[in-house]
Amino acid sequence: MTGLDTAGRRGLPGLSYPERYLHDLSLELTERYEGTFGAETVERYVLESYTALLRTATVQAHLATRVRRFAADRLTALAQAKGAITQEVPEVLFVCEQNAGRSQMAAVLTHSIAGDRVHVRSAGSMPSAELNPAVVTALEELGLDVSREFPKPLTDDVVQAADVVVTMGCGDACPIYPGKRYLDWTLDDPERLTLDEVRRVRDEIRTRIEELLQTLEGSTA
């Protein structure tokens with residue numbers, strides 16, 4: 001029995017690794033975040049991330065890669081929130097209900113426009129299994145690669161790490177923390193729209209992002 005197995009059972013009684021790769025991922029992330037998080041914290045985040053994504057997983061072949069990215073990003077967000085990792089640029093979080101349309105378009109468009117000047121995340125209060133096909137098409141039309149994107153559940157750590165939280169029809173699911181800027185964008189849900197209508201929403205989001213970036217650059221100038 002490894003030290004991580006022992007620590008994990010102390011921290012989470014009765015739980016074990018349902019997949020071998022989760023054990024390996026916990027070891028990898030424990031080493032990466034040594035000095036910031038203990039093995040128990042890393043294991044809990046890996047198992048929670050696996051459980052959350054498993055609920056909507058339709059292609060098991062993608063699950064391991066998505067769990068790896070999701071768990072690592074959540075730990076990074078937690079480290080940012082705790083001040084263990086310095087945030088060099090503004091952190092923006094886009095939230096909608098399914099994280100399959102509006103928030104994904106906003107995150108991808110922001111990254112394409114701002115590059116490394118802003119760090120973006122997206123999440124959903126009730127994430128779906130995959131991205132909306134019309135949204136994928138509308139973004140690929142602009143030459144944007146969304147092959148690595150996937151719906152992710154909204155977690156407290158990414159909200160804590162954000163400087164700006166932009167909601168798009170996710171109700172009251174997003175927790176409120178002092179010292180953060182909250183914006184609510186009223187946008188049509190792509191789930192019920194034609195491709196031409198999704199293009200319209202895409203362009204509206206791009207306009208709003210350009211306006212948001214101007215305010216962020218002004219505040220950091």
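- Between Asp189 and Arg102, at least one side-chain nitrogen of the basic residue sits less than 4.0 Å from a carboxylate oxygen of the acidic one, meeting the salt-bridge criterion.
- Atom-to-atom distance recorded for Glu43:CD and Leu27:CG is 9.5 Å, nearest 0.5 angstrom.
- A distance of 4.0 Å separates CD in Glu28 from CZ in Arg68, rounded to the nearest 0.5 Å.
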message: Show, in sequence, the C-alpha distance, side-chain angles and deciding distance for Gln104 and Val146, and conclude whether the side-chain contact (heavy atoms from CB on, under 4.5 Å) test is met.
response: CA-CA 9 Å; Gln104 289 282 358; Val146 296; over 6 Å; no

field: side-chain contact (heavy atoms from CB on, under 4.5 Å) assessment of Leu139 paired with Leu109
entry: CA-CA 8 Å; Leu139 290 172; Leu109 287 167; 4.1 Å; yes

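- Side-chain contact between Val118 and Leu213 is present, with heavy atoms from C-beta onward closer than 4.5 Å.
- Contact check for Asp188 versus Glu197: no side-chain heavy atoms found under the 4.5 Å cut-off.
- Of the possible polar contacts, none joining the Thr86 side chain to the Glu88 backbone as a donor-acceptor pair under 3.5 Å is found.
- Proximity of Val159 to Tyr182: side-chain heavy atoms (C-beta onward) are separated by under 4.5 Å at one or more points.
- The closest side-chain heavy-atom distance from Lys82 to Phe37 is below 4.5 Å.
- Heavy-atom neighbours of Asp116 CG from other residues, nucleotides or ligands within 6.0 Å: at or below the threshold of 12.
- Scanning both residues, Ala39 and Thr30, for their nearest heavy atoms gives CA-OG1, 3.9 Å.
- Expressed to the nearest 0.5 Å, how far CZ of Phe70 lies from CZ of Phe150 amounts to 7.0 Å.
- Across every non-hydrogen atom of Val120 and His111, the tightest pair is CG2-CB, 4.2 Å.
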task: Assess whether side-chain contact (heavy atoms from CB on, under 4.5 Å) is satisfied between Leu54 and Glu19, documenting all intermediate values.
output: CA-CA 12 Å; Leu54 183 65; Glu19 301 284 353; over 6 Å; no

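- Salt-bridge formation is detected for the pair Arg20/Asp24: a Lys NZ or Arg NE/NH1/NH2 atom is positioned less than 4.0 Å from an Asp or Glu carboxylate oxygen.
- Both Val165 and Tyr177 belong to a common hydrophobic cluster when Ile, Leu, Val, Met, Phe, Trp and Tyr are linked at side-chain heavy-atom distances under 4.5 angstrom.
- In terms of modelled atom types and a separation under 3.5 Å, the side chain of Thr65 and the main chain of His62 share no donor-acceptor contact.
- Put simply, the side chain of Lys180 gets close to the backbone of Gln160: a donor and an acceptor are under 3.5 Å apart.
- Taking hydrophobic clusters as Ile, Leu, Val, Met, Phe, Trp and Tyr residues chained together by side-chain heavy-atom distances below 4.5 Å, Leu212 does not share a cluster with Val89.
- Under a hydrophobic-cluster definition in which Ile, Leu, Val, Met, Phe, Trp and Tyr are linked whenever side-chain heavy atoms come within less than 4.5 Å, directly or via other members, Leu195 and Leu193 are assigned to different clusters.
- The minimum heavy-atom distance between Ala123 and Ser103, with the atom names listed, is O-OG, 3.7 Å.
- Looking at Leu53 and Pro151, their side chains never come closer than 4.5 Å, going by heavy atoms from C-beta outward.
- Between Arg121 and Ala161 the shortest heavy-atom distance is NH1-CB, 4.0 Å.
- Nearest heavy atoms, Leu93 versus Leu154: CD2-CD1, 4.2 Å.
- Val158 and Val166 are not part of a single hydrophobic cluster, where members link through side-chain heavy atoms under 4.5 Å apart.
- Relative ring orientation between Tyr21 and Tyr50 is described as perpendicular, the plane-to-plane angle rising above 60° on a 0-90° scale split at 30° and 60°.
- Looking only at atom types and distance, the side chain of Ser26 has no donor-acceptor partner in the side chain of Tyr45 under 3.5 Å away.
- At least one side-chain heavy atom of Arg55 sits under 4.5 Å from a side-chain heavy atom of Thr51.
- The closest side-chain heavy-atom distance from Leu216 to Asp163 is not below 4.5 Å.
- A distance of 13.5 Å separates CD of Glu97 from CE of Met168, quoted to the nearest 0.5 Å.
- One finds the CG atom of Leu22 at 10.5 Å from the CG atom of Leu29 (value rounded to the nearest 0.5 Å).
- Residue Ser122 comes nearest to Ala107 through the heavy atom pair CB-CB, 4.0 Å, listed as atom of the first residue, atom of the second, then distance.
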- prompt: Run the salt bridge (charged side-chain N to carboxylate O under 4.0 Å, His left out) check on Arg200 and Asp203 step by step: do they pass?
  reply: CA-CA 5 Å; Arg200 172 182 55 78; Asp203 294 341; over 6 Å; no

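- Ion pair Glu204/Arg208 flagged as a salt bridge, since at least one NZ, NE, NH1 or NH2 atom sits closer than 4.0 Å to an Asp/Glu carboxylate oxygen.
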- request: Would you sort out whether Gln98 and Thr56 count as a side-chain contact (heavy atoms from CB on, under 4.5 Å), showing the intermediate values?
  value: CA-CA 11 Å; Gln98 296 184 331; Thr56 57; over 6 Å; no

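- Val95 and Ile205 sit in two unconnected hydrophobic clusters of ILVMFWY residues. Membership requires side-chain heavy atoms under 4.5 Å apart, directly or through other members.
- For Asn99 (side chain) and Lys152 (main-chain N/O), a donor-acceptor pair under 3.5 Å exists by modelled atom type.
- From Arg206, atom CZ reaches atom CE of Met105 across 11.0 Å, with rounding to the nearest 0.5 Å.
- Around atom CD of Glu141, more than 12 heavy atoms belonging to other residues, nucleotides or ligands sit under 6.0 Å away.
- Between the side chains of Asp196 and Thr194, not a single donor N or O lies within less than 3.5 Å of an accepting N or O.
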